Asker: 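Just dropping this structure here.
These numbers were taken from a predicted model, which means no experiment stands behind them.
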Amino acid sequence: MTTLAFLGLGAMGDPMAAHLARYAAAHDLNALVWNRTDWKAQAHARAHGSRAVTLEEAARADVIFTCLPTSVEVSEVLGGMEPQLKRGAVWVDCTSGHPQAAPAQRERLAACGVTLLDAPVSGGTAGAQAGTLTIMVGGPAEALEMVRPHLAFAGKVVHVGQSGAGFAVKAINNALLGVTLWATGEGLAVLARSGVNLGAALEVINASSGRSNASQNLIGQRVLTREFPATFALGLLAKDAGIAADLTGEVRGSAPLLAQTAALLRAAERLVGADEDHTAALKLIEQMNDLELK
């Protein structure tokens, strides 16, 4: 019987693993879960019918999914599993990882007879709960086809290139989120200082060429309401934008706007708080302009 293991039950991983558990139950497969804090894995098992296991037990799965904060944690987990890994298995890393980490992880896994797919996701906690995430996959296309039926939390799966390409696309995507979020926040701050009603201004922007995901789905619902629900942490957005800046240097590219945005998000992380929702980055713009966006 095919065994699927999901490692990392954070805000994204918990609902993703829930979809995997329901899929496994419907197809007579085994679903295992692991988390650094074991009580989360035990609670997941009770709620969704998965089985909480140790890393050693998870290592014997046919498909291993990871959804951890950074590539550093993935490497640490891999170090605790290497001796027990099952030859022929596929490791699907849904972490928003670093493209530079992929080659070393790929080689470590290849030495154990395991194939790595870097497969970060986009869609936020709402997409994870709905099972409609977009997955950008780097690595061998044939390995992706092997695991594609098991991607129960996905609405769209795109093979974007070889190892590391998935991480690269994810970093640039999130850097673009940072750019549009920050730029829209600056524009609204200027309008607020001009005495313009921001709700009305946002209505116009969202029906015009300046619209973006940030203006349509984030700022009105999270910033102007002053709710800032903690879904995707500001520290993680700053990390991803920093990866995009690193990637620019690695390929000797020129992306000054991405680099500046990464620096601004890092400043917001330190001054506003890494654990705040990513939209709270605009609180730094508020401080710079001595006002609230509301």
Asker: Could you note down all residue pairs passing salt bridge (Lys or Arg N to Asp or Glu O under 4.0 Å) where residues 148-158 supplies at least one of them, sequence neighbours left out?
Answerer: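 Residue pairs passing salt bridge (Lys or Arg N to Asp or Glu O under 4.0 Å), neighbours aside: E145-R148.
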
Asker: Short question: side chain of S215, backbone of R211 - any donor-acceptor pair under 3.5 Å?
Answerer: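 Looks like no, no N/O pair under 3.5 Å.
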
Asker: Below 3.5 Å, can you tabulate the donor-acceptor pairs from side chains in residues 186-196 to any protein atom, sequence neighbours excluded?
Answerer:
from: E186; atom 1: OE2; to: W182; atom 2: NE1; distance (Å): 2.7
from: R193; atom 1: NH1; to: N289; atom 2: O; distance (Å): 2.7
from: S194; atom 1: OG; to: V190; atom 2: O; distance (Å): 2.9

Asker: Can any side-chain N or O of H48 pair as donor or acceptor with the backbone N or O of A17 at less than 3.5 Å?
Answerer: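 No; zero donor-acceptor contacts below 3.5 Å.
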
Asker: Is K40 salt-bridged to D14, going by a charged N under 4.0 Å from an acidic O?
Answerer: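 Answer for the salt bridge query: no.
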
Asker: Answer yes or no: is there a donor N or O on one side and an acceptor on the other, between the side chain of T132 and the main chain of A128, under 3.5 Å?
Answerer: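 Answer holds: no.
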
Asker: Is there side-chain contact between S122 and L133, with at least one heavy-atom pair below 4.5 Å?
Answerer: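 Result no, sub-4.5 Å side-chain heavy-atom pair not found.
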
Asker: Testing T70, D118, D240, D246 for side chain to side chain donor-acceptor pair (under 3.5 Å) with H98, which one passes?
Answerer: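 Looking at T70, D118, D240, D246, the match for H98 under the side chain to side chain donor-acceptor pair (under 3.5 Å) is D246.
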
Asker: Within a radius of less than 6.0 Å around CG of D28, do more than 12 heavy atoms belonging to other residues, nucleotides or ligands occur?
Answerer: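 Check fails, neighbour count at 12 or below.
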
Asker: So, the side chain of Q221 versus the backbone of Q216: is there a donor-acceptor pair under 3.5 Å, distance only?
Answerer: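 Here the side-chain-to-backbone pair exists.
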
Asker: Is it true that D277 and R222 make a salt bridge, defined as a side-chain N closer than 4.0 Å to a carboxylate O?
Answerer: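 Between R222 and D277 there is a salt bridge, with a charged N closer than 4.0 Å to a carboxylate O.
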
Asker: Just by modelled atom types, is the V121 backbone N or O under 3.5 Å from a matching donor or acceptor in the K170 side chain?
Answerer: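 Yes; judged by distance alone, with no hydrogens or angles, the pair exists.
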
Asker: Would you call E286 and R226 a salt bridge, taking side-chain N to carboxylate O under 4.0 Å as the test?
Answerer: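 A salt bridge links E286 with R226.
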
Asker: Could you label the plane-to-plane angle of the F6 and F153 rings as parallel, tilted or perpendicular, counting under 30° as parallel and over 60° as perpendicular?
Answerer: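 Ring orientation, 0 to 90° scale: perpendicular.
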
Asker: Taking H278 for the side chain and F232 for the main chain, is one N or O donor matched with an acceptor at less than 3.5 Å?
Answerer: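 Yes, the answer is positive, given that a donor and an acceptor are paired below the 3.5 Å cut-off.
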
Asker: Listed by chain and number, what are the ring-ring contact (aromatic ring centres under 6.0 Å, His included) partners of Y23, not counting sequence neighbours?
Answerer: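 Once residues adjacent in sequence are excluded, the partners of Y23 under the ring-ring contact (aromatic ring centres under 6.0 Å, His included) criterion are H27, H150.
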
Asker: Apply side-chain hydrogen bond (donor to acceptor under 3.5 Å, both in side chains) to the pair H44 and S50, showing each step before the final yes or no.
Answerer: CA-CA 7 Å; H44 191 280; S50 52; 2.9 Å; yes

Asker: Do W91 and T66 have a side chain donor and acceptor closer than 3.5 Å?
Answerer: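 Per modelled atom types, W91 and T66 side chains form a pair under 3.5 Å.
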
Asker: From Q129 CD over to H19 NE2, what is the distance, rounded to the nearest 0.5 angstrom?
Answerer: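 The NE2 atom of H19 is 8.0 Å from CD of Q129, to the nearest 0.5 Å.
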
Asker: Could you tell me whether a side-chain N or O of K239 sits under 3.5 Å from a main-chain N or O of L234, the two making a donor and an acceptor?
Answerer: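 Answer holds: no.
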
Asker: Can you tell me how far the CG atom of L257 sits from the CD atom of Q260, to the nearest 0.5 Å?
Answerer: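 Rounded to the nearest 0.5 Å, the CG-CD separation comes to 8.5 Å.
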
Asker: Does A104 offer a backbone N or O that forms a donor-acceptor pair with the side chain of E107 under 3.5 Å?
Answerer: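 Side chain of E107 to backbone of A104, a donor-acceptor pair under 3.5 Å: no, none is there.
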
Asker: Is K283 salt-bridged to E292, going by a charged N under 4.0 Å from an acidic O?
Answerer: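 Looking at E292 together with K283, the answer is no, because their closest N to O distance does not fall below 4.0 Å.
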
